[in-house]
Amino acid sequence: MIKAVPKPLEEIIELIKDLHKVLVVGCDGCVTVCEAGGLKEVGVLSSSLRLNFTQANQRMEIDDTTLTRQCDKEYLDQLKDRIDAYDAVVSLACGCGVQYLVERYPDKVVYPGVDTCFMGVDLERGVYAERCQACGKCILADTGGICPIARCSKRMLNGPCGGSEKGKCEVNSEIDCGWHLIYERLKTLGQLDRFEHPVAPKDWATSRDGGPRKIVREDLRI
Amino acid sequence: MSTTSPSRLEKILAAGHLAVTSEVGPPRSCDGSVIEHKANLIKDHVDAVNVTDNQTSVTRMCSLAACIRLKLMGLEPVLQMVTRDRNRIALQSDILGAASFGICNILCLTGDHQHFGDHANAVNVFDLDSTQLLQTARMMRDEGRLLGGHQFEHRPQVFIGAAANPFADPFEIRIPRLAKKVAAGAQFIQTQCIYNLEKFKLWLKLGRDRGLHEKVAIFAGITPMKNVGMARYMKNRVPGIEVPDEIVKRIGGVPKERQAEEGIKLAIEQIQELKEEEGVRGFHIMAIEWEEKVPEIIERAGLYPRPQIG
């Protein structure tokens, strides 16, 4: 899922400090799972903002709600009868949700309440790690199910580089060397022959390099 | 042995000589005289001069411009190219530009991550990796074709090299990596600085067992230690470099004012020992900001005078 972290409270205060009525909108999707922008975080942020402006003797009304998803028009529509009453919205959805909210309500000021980080997995509660960079042409079948694009700091397709040391990346020792992992995995699978075959330059046109991407699935369209 | 380029380096190897290369690092300014000064210190003692490409991700005068300066001095440069900063459009463009100036040795590298350098907040490119840059250079030379498919007539006549680090982990993949680079087009290999000679010899033997020494000319990388501080730094702080304790002890075991000489002596002993190894076809001497010592090392190691091949 998409992983995000809450923005610092001070940053959000700075964004809305000159306003009087703000709606904080959470999302039940990915940001709920990583505890950055779900119902619970919406409650915490709203209370903190209220407390801050009350202590500062500043007139500020903070309301909150959480939608099933912010990347879906159907759920965004649920705000249509109340959104006009607010000077601005703070969205705790990922960057996709914030932007879709803007598209749905083009006259409304919408501020992001989280920093969207990556697509990843939950290693444990509060610890998330990147696994996919959505290059648009999956090569996991060739690399033992471990992605060198997401997991090698230099996204090498013929790794590892000379900086790999004791299974760790040259960038820092907290990062596993993706190619070390791939090598071990290929060994386990008895596919080490793959390792010696030079992989040709990748077509990055399906990645972000091809420009903003869009999927049109004719088979699904109504 | 037929050659693929006008490279003197390639000819020297083809004639069966041990080749010697060294390197100059371009300045962090546009002062071209720095390159000329460093090159003048070593020019009579080496067959070709590598020019590093924004090494350790620190922004410097570009490798290609510095190589052109060397070429104008009548020297033979080795253009180092990293894939960190330029995509396939720029890399191929630089190969064409370099060849137009008669620069005919290129060393294909992935490059250190920008995290190490002076612009840690920069984007990295890594459109290609070193292996893919090798494939690309070979295709341009042998097929007269760009990655995009464009066919052209005046092909870059280049002698193509790559780096190898016998000391990175895991050791067991280092020979398959070498084989992969050879399969991708590497004709010569310059290794990481060698301090653990036994491990290097083992790597070389495993390469020989697969006949790789006959397919690629391996240059042993030698970097003299200036003092015990450098030995410790290399041991503890530089990823992928292995410095055995004995070396730190040896350099540290002599008074400070004699440590530099001890470092030079060590480098010379390493060269003499490795000269005897089957599969070592040359030496790449990387005297980091210590270029003035390169001639002495080469002379005392018995690698001077250099063969005169045009």
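Just the heavy atoms: all of them, side chains too, but no hydrogens, waters or symmetry mates, feed the values below. Computed from a prediction, not measured in an experiment: that's the story for all the values here.
- Between B:His113 and A:Glu170, the shortest heavy-atom distance links the atoms N-OE2, 2.9 Å.
- Listed options A:Gly163, A:Cys161, A:Ser207 were ranked by heavy-atom pairs under 4.5 angstrom with chain B; first place goes to A:Cys161.
- When all heavy atoms are compared, the tightest approach of A:Pro201 to B:Leu128 is CB-CD2, 3.5 Å.
- Contacts of B:Asp169 with chain A are made by both backbone and side-chain atoms, with heavy-atom separations under 4.5 Å.
- The contact between B:Gln135 and chain A is made entirely by side chain atoms (from C-beta outward), counting heavy-atom distances below 4.5 Å.
- For chain A, the nearby parts of B:Asp127 are the backbone and the side chain; heavy atoms of each come within less than 4.5 Å.
- Annotation for B:Thr110 and A:Lys154: closest pair CG2-CD, 3.7 Å, computed over non-hydrogen atoms.
- Interface remark: of the candidates B:Gly111, B:Ala179, B:Ala164, B:Gly111 forms the most heavy-atom pairs closer than 4.5 Å to chain A.
- Side chains of A:Pro160 and B:Ile173 form a contact here, defined as non-hydrogen atoms less than 4.5 Å apart.
- In terms of non-hydrogen atom pairs under 4.5 Å with chain A, the most contact-rich of B:Gln192, B:Arg174, B:Lys181 is B:Arg174.
- Neither the backbone nor the side chain of B:Arg84 comes within less than 4.5 Å of any heavy atom of chain A.
- The shortest distance between side-chain heavy atoms of A:Trp204 and B:Arg88 falls below 4.5 Å.
- Using a 4.5 Å cut-off between heavy atoms, B:Phe116 touches chain A through its side chain atoms alone.
- Here the CG atom belonging to B:Asp129 is positioned 12.5 Å from the NZ atom belonging to A:Lys202, to the nearest 0.5 angstrom.
- Other residues, nucleotides and ligands contribute at most 12 non-hydrogen atoms within 6.0 Å of the CZ atom of A:Arg208.
- A:Leu140 CG: more than 12 foreign heavy atoms inside a 6.0 Å radius.
- Between chain A and the residues B:Ala184, B:Ala168, B:Pro166, B:Pro170, the most heavy-atom pairs under 4.5 angstrom are made by B:Pro170.
- Top candidate by heavy-atom pairs under 4.5 Å with chain B, chosen from A:Val199, A:Asn158, A:Leu157, is A:Asn158.
- With a 4.5 angstrom heavy-atom cutoff, A:Lys187 touches chain B only via side-chain atoms.
- Remark: the backbone N or O of B:Lys180 is not paired with any side-chain donor or acceptor of A:Glu196 at under 3.5 angstrom.
- Between A:Pro198 and B:Thr131 the shortest heavy-atom distance is CB-CG2, 3.9 Å.
- For B:Leu109, no part sits under 4.5 Å from any heavy atom of chain A, backbone or side chain.
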Chi angles and distances behind the side chain to side chain contact (heavy atoms under 4.5 Å, CB included) call for A:Phe195, B:Arg177: CA-CA 8 Å; A:Phe195 191 77; B:Arg177 279 280 289 153; 4.3 Å; yes

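- Of all non-hydrogen atoms in A:Gly162 and B:Asn165, the two that sit nearest each other are O-ND2, 3.0 Å.
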